[in-house]
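For the single chain, residues carry numbers from 1 onward in sequence order. Whatever order the structure lists ligands and atoms in, that order sets their numbers, starting from 1. Remember, predicted model here, so these are calculated numbers, not experimental data.
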Amino acid sequence: MNAVLRELLTAIALTMLAALAGWFAAGQRGAELMALGVVGFFFLRQLWLVLRLIHWAGCPLGTPTPSASGAWGAVFDALHKRARLSSAQREQATQELDRFRRAAEALPDGVMILDGHRAIEWMNLHAEACFGLKASVDTGSRITHLLREPEFLDYLNSPDHRGVPLELHTQRNPGRSLQVQAAPFAAGRTLLLVRDVTQLQKLATMRRDFVANVSHELKTPLTVTLGFLETAQDALHDTPPAEIEHYLYTAAEQARRMQQLIDDLLTLSALETDSPPPLEDPVDIAAMLADICEEVEALSAGRHRITLENEGPRRLLGSTRELRSAFANLAGNAVRYTPDGGSIVLRWGAEGSAGARFSVRDSGIGIAPQHLSRLTERFYRVDRGRSREAGGTGLGLAIVKHVLERHQATLQIESEPGLGSKFSAVFPAHRVQS
Ligand code: ADP
């Protein structure tokens with residue numbers, strides 16, 4: 001305000017001075033001409049500065065304001081300050097938006113923003129992966145043109161559903177189960193959250209199957225045990241003791257099966273929850289194999305030819321208890337699935353690149369190729385009846401697989417129906433102590 005007043009007073013004073021000078025030089029006419037000249041000069045200066053202001057307003061953001069003295073100088077200074085402030089605010093807003101985007105990218109779930117016409121405004125990488133879309137191509141397209149599953153369209157169209165997630169299987173990402181949730185927000189926009197729940201669903205199914213399997217496995221021996229005990233109870237007074245003894249013996253046999261099943265389940269659960277075995281504990285393989293060979297001979301009771309070949313390194317780094325259980329399981333299976341008169345070879349030897357291999361070869365019933373990949377699943381048996389008869393729980397190879405994984409080793413199975421099988425545990429060099 002002061003600057004404007006100063007400029008006005010200066011203009012008036014200069015006009016008066018010029019008029020006075022004109023008066024002395026050429027009388028009234030001179031005074032009028034001089035005054036007009038000064039007023040004209042001031043008018044043209046204002047016009048020139050307005051033009052510079054208009055030109056500046058058309059320049060790109062961030063162009064410095066024109067410089068001038070007096071009132072216009074004050075105007076340009078004020079504009080310059082405002083331009084700087086707004087540029088700083090814009091910069092801050094851009095940084096915040098960028099931070100928000102990076103946070104949304106880092107979310108473990110997919111996030112997508114739809115405008116009022118259901119066109120994609122933005123999506124993060126997880127949303128791209130879940131829906132099988134590409135932000136660079138699909139941004140701007142309507143989601144309803146890209147995902148055409150009727151249940152998805154119904155879900156988007158029905159505001160009542162929006163608190164509840166939708167389970168979606170889309171052709172854009174076959175074989176995956178998605179959980180989608182829509183939340184409306186500002187100006188008709190919709191926030192879509194999407195999560196891949198395939199793995200969670202698989203786990204839930206596995207858990208359900210596992211409980212059903214365990215219940216089924218326990219139910220049969222329990223029913224048989226109860227049956228024999230009740231029969232023995234009823235027949236106690238009028239039945240020969242040898243018959244009662246037979247009932248009790250059979251009941252005890254079934255109870256032992258249940259005990260074996262529960263032992264195997266506890267072993268599996270311990271293997272799943274324990275941390276991997278340490279690398280520092282050296283296991284004396286020769287002593288362990290001699291023990292296992294004795295056990296296998298006892299189990300076979302002279303029905304098979306059993307050979308032990310030990311040509312491998314003396315020690316393996318790992319857990320004695322776990323390795324013993326895995327090796328004994330493989331050797332026990334060879335006895336149980338090899339008919340009388342067959343042969344079994346237990347072998348410990350060196351493997352390429354200084355690893356080691358424990359193998360059990362039998363001349364038993366063998367396994368058809370379609371079963372091989374599933375043998376280590378819990379309760380998977382080629383022949384359920386035969387496994388039960390042989391006292392199997394269906395958990396042996398699942399235990400072996402877990403133990404080997406915990407020792408960074410792999411299980412290899414070669415088999416031919418009618419000719420026999422070879423199960424090998426192959427250990428990496430870092431587990432071998434020479
Ligand atoms: P099980 O307690 O039934 O033996 P495992 O997990 O040890 O359970 O083995 C799973 C299945 O693999 C067995 O039921 C059997 O059908 C098959 N199997 C395992 N070892 C052998 C083998 N040496 N010869 C033939 N079949 C075998």
Please list the nearest protein heavy atom to [atom] with its residue and the distance rounded to 0.1 Å.
{"atom": "atom 4 (O) of ligand 1", "value": "Y337 OH, 2.7 Å"}
{"atom": "atom 23 (N) of ligand 1", "value": "D362 OD2, 3.0 Å"}
{"atom": "atom 16 (O) of ligand 1", "value": "V382 N, 3.1 Å"}
{"atom": "atom 7 (O) of ligand 1", "value": "N333 ND2, 2.9 Å"}
{"atom": "atom 12 (O) of ligand 1", "value": "L375 CD2, 3.4 Å"}

Residues which pass side chain to side chain donor-acceptor pair (under 3.5 Å) with T338, listed by chain and number, not counting sequence neighbours:
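In terms of side chain to side chain donor-acceptor pair (under 3.5 Å), with neighbours along the sequence ignored, T338 is linked to no residue.
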
Lys/Arg N to Asp/Glu carboxylate O, K81 vs D77, below 4.0 Å:
no

Main chain of [Y], side chain of [X]: is a donor-acceptor contact present, judged purely on distance under 3.5 Å?
{"X": "R176", "Y": "T198", "value": "no"}
{"X": "N124", "Y": "A104", "value": "yes"}
{"X": "T239", "Y": "I244", "value": "no"}
{"X": "T250", "Y": "H246", "value": "yes"}
{"X": "R118", "Y": "R189", "value": "no"}

Which is closest to atom 3 (O) of ligand 1 by heavy-atom distance: S387, G392, G396?
S387

Does F358 have R347 sitting over its ring (NZ/CZ under 6.0 Å from centre, angle to axis within 45°)?
no

Between [X] and ligand 1, which residue portion shows a heavy-atom distance shorter than 4.0 Å: side chain, backbone, both, or neither?
{"X": "V360", "value": "neither"}
{"X": "L397", "value": "both"}
{"X": "H371", "value": "neither"}
{"X": "Y380", "value": "backbone"}

N329, any N or O under 3.5 Å of ligand 1 N or O
no

Check: Q181/R195 side-chain N/O donor and acceptor closer than 3.5 Å:
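Per modelled atom types, Q181 and R195 side chains form no pair under 3.5 Å.
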
Counting from 1, what ligand 1 atoms have a heavy atom of R381 closer than 4.0 Å?
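Near R381, meaning under 4.0 Å from one of its heavy atoms, ligand 1 has 3 (O), 14 (O).
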
Using a 4.0 Å cutoff against the non-hydrogen atoms of T393, which atoms of ligand 1 qualify?
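Here the atoms of ligand 1 in question are 2 (O).
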
Is ligand 1 less than 4.0 angstrom away from at least one heavy atom of R384?
no

Would you please determine whether G394 falls within less than 4.0 Å of ligand 1 on a heavy-atom basis?
yes

Can you name the residues that form a side chain to side chain contact (heavy atoms under 4.5 Å, CB included) with Q254, not counting sequence neighbours?
P221, V224, T225, R257

